[in-house]
Amino acid sequence: MRSAEEALRIVEAYFARWGCEDLHKVAKSGLHLESDTVDSIESFRRQMAIVLPLASHVLQWTYAARETPGE
């Protein structure tokens, strides 16, 4: 490590990783992403254009429900 600032950036990046992991878990398990096959890069791009925003919203709703379960 060169500095405390560099170490802090590394730790922050590690913590951000968990949000990415949760997003992928929702996309793969919750939205069954792996069961839908695509045959071209364009099909893959269209699939991602739908699945990733949807997974993001599901994740936001999940976090909100944990923070304020009665709402």
Side-chain angles (χ1 to χ4, degrees):
M1 294 291 146
R2 295 183 181 167
S3 69
E5 290 175 1
E6 184 179 0
L8 182 58
R9 279 195 303 267
I10 291 169
V11 169
E12 288 171 349
Y14 182 77
F15 281 122
R17 174 180 174 239
W18 294 111
C20 296
E21 294 285 337
D22 289 343
L23 180 70
H24 285 99
K25 181 178 180 181
V26 169
K28 288 173 67 175
S29 300
L31 300 175
H32 307 286
L33 179 63
E34 292 180 334
S35 66
D36 191 18
T37 58
V38 293
D39 56 1
S40 70
I41 190 67
E42 289 305 317
S43 295
F44 176 72
R45 287 179 178 154
R46 285 191 298 271
Q47 182 185 45
M48 291 298 103
I50 294 169
V51 169
L52 291 179
L54 184 57
S56 176
H57 283 289
V58 169
L59 198 56
Q60 289 174 1
W61 296 331
T62 302
Y63 289 157
R66 287 180 188 158
E67 291 293 317
T68 54
E71 292 187 27

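Heavy-atom basis, side chains included; hydrogens, waters and symmetry copies ignored. We count residues from 1, following the sequence as given.
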Quiz item: Got a sec: does the CD of E21 have more than 12 other heavy atoms crowding it under 6.0 Å?
Solution: yes

In terms of heavy-atom contacts, does OH of Y63 have more than 12 from other residues, nucleotides or ligands at under 6.0 Å?
yes

Do I41 and I50 belong together in a cluster built from hydrophobic side chains that touch within less than 4.5 Å? no

Between L23 and S56, the two heavy atoms sitting closest are CD1-N, 3.5 Å

Is any side-chain N of the basic residue among R9 and E6 closer than 4.0 Å to the acidic one's carboxylate O?
no

Output for pair (R45 CZ, S40 OG), nearest 0.5 Å, gives 9.0 Å

query: Do the non-hydrogen side-chain atoms of I10 and Y14 ever get within less than 4.5 Å of each other?
result: no

- Query: Mind checking whether Q47 and L33 have side chains closer than 4.5 Å, heavy atoms only?
  - Reply: yes

Which of D36, L52, L54 passes side-chain contact (heavy atoms from CB on, under 4.5 Å) with L31? Answer is L54

